[in-house]
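The structure under discussion appears below in the form of structure tokens.
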Amino acid sequence: MSNSPKIWLSSPHMGPNELKYVQDAFATNWIAPLGPHVDGLEKDLQDFTGSNYAAALSSGTAAIHLALVILGVQPGDLVICQSMTFSASANPIAYLGAVPVFIDSEKETWNMCPKALEEAIIACESGKVSGKKQKPAAIIPVHLYGMPAKMDEIRGMAKKYEIPVVEDAAEALGSTYQGKACGSIGELGILSFNGNKIITTSGGGALLSDTEWMIKKARFLATQARDEAPHYQHSHIGYNYRMSNVLAGIGRGQMEVLADRVRQRRKNFTFYKNQLAGIPGISFLEEPEGYYSNRWLTCVLVEPEQTGGITQEHVREHLLKDNIESRPLWKPMHMQPVFSKAPYFGGKVAEELFEKGLCLPSGSNLTEEDLQRVVIGVKGALGT
Ligand SMILES: *Cc1c(COP(=O)(O)O)cnc(C)c1O
């Protein structure tokens, strides 16, 4: 192991005002449960994304869970989900006893393939998936690493077959698709403020929608579904999913620097691309026309046929020897032991991306020297 300081994949990056908001929460004793920072953060999220309504929650996973509850997902329902993603996109489907139907990626954005999506919908509706004719209860596309999914095609399909879209924008706050903020495009959108995301509240998430009753219901369900009464009265199963006022204070400070963070992450991408794109067997994911990525993580594909047999795993191990953290792309859900029995539609695009892809350190707090060290490490691994 080298003595060089650790370079992390993506670490928290506080701005000048987060602590002031937290101190204000202490000074006013708004430690718990809800309070003005929660309202403030929700307003900031609405203003930033253009969504009419937002609910600040305890995590992105909680937001997906509530989205599915709000859409009425029942045990045995089929829910379509992008295969190549973090497990949190799919786990809430299982919480509800529903069945995930996984979809391959396409090569232009690495996200849900609209063609495979339509095949899956037709198969579900004709009874080929579960043995009975079922309209899928929801479609969950993901904007991986900040790159928007092909939302026009996906929304078009959703409209044609009348299925609601839950947009997993956990990695894509600050990304836009045809000028519209990721998270604000589907019937419901979810964000994450987990520690490694583009901004963080240490842990947290949000649910976005233009439909008022959905967000009202989310707030109701997230606070244990208490009916209006002086005593504790319940006619629904509730959850404890709200964000605390202290953490929302961190979020308000982070929202002030979000635009900066996007700029810095995009700069990382440009730096890596300028330094590495000329090497045979190394490629980057470009933005199609009308797509704007926050470049949460910069990823490279390593083609061993062109690198003399060097794989992404060799590069990862080589970087680790210099105390640099990098990570393979998300392992597709249809390849995961826990989802091995779930139906899957598509080919081998996601599988291939998983085999060849590597996420490089992408924090907004990396220095030019840090980035240079990563470049030297990658070049060293490739012997160039
Ligand atoms: C981080 C993440 C989530 C979950 O968010 P948490 O706030 O960690 O619960 C969901 N989906 C994707 C794609 C993510 O990257």
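One-based numbering, in listed order, for ligands and for the atoms of each. Residues: numbered from 1 along the sequence shown. Remember, it's a predicted structure, so these values are computed and weren't measured experimentally.
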Applying ring pair (Phe, Tyr, Trp, His ring centres under 6.0 Å) as the test, list every pair that has at least one member in residues 157-184; sequence neighbours left out. Tyr177-Tyr291
Show every ring pair (Phe, Tyr, Trp, His ring centres under 6.0 Å) that has at least one partner inside residues 239-261, sequence neighbours left out. His65-Tyr239, His65-Tyr241, Tyr239-Tyr241
Side chains of Ser4 and Asn323, donor plus acceptor under 3.5 Å: no
Is there a donor-acceptor pair under 3.5 Å between the side chain of Thr200 and the backbone N or O of Asn194? yes
Can you pull the residues with any heavy atom under 4.0 Å from ligand 1? Ser59, Gly60, Thr61, Thr85, Phe86, Ala88, Ser89, Val142, Asp168, Ala170, Glu171, Ser192, Asn194, Lys197, Gly204
Among residues at least two apart in sequence or on other chains, which ones pass salt bridge (Lys or Arg N to Asp or Glu O under 4.0 Å) with Glu42? Arg219, Arg242
Under 3.5 Å, is there a donor on one side chain and an acceptor on the other for Ser175 and His143? no
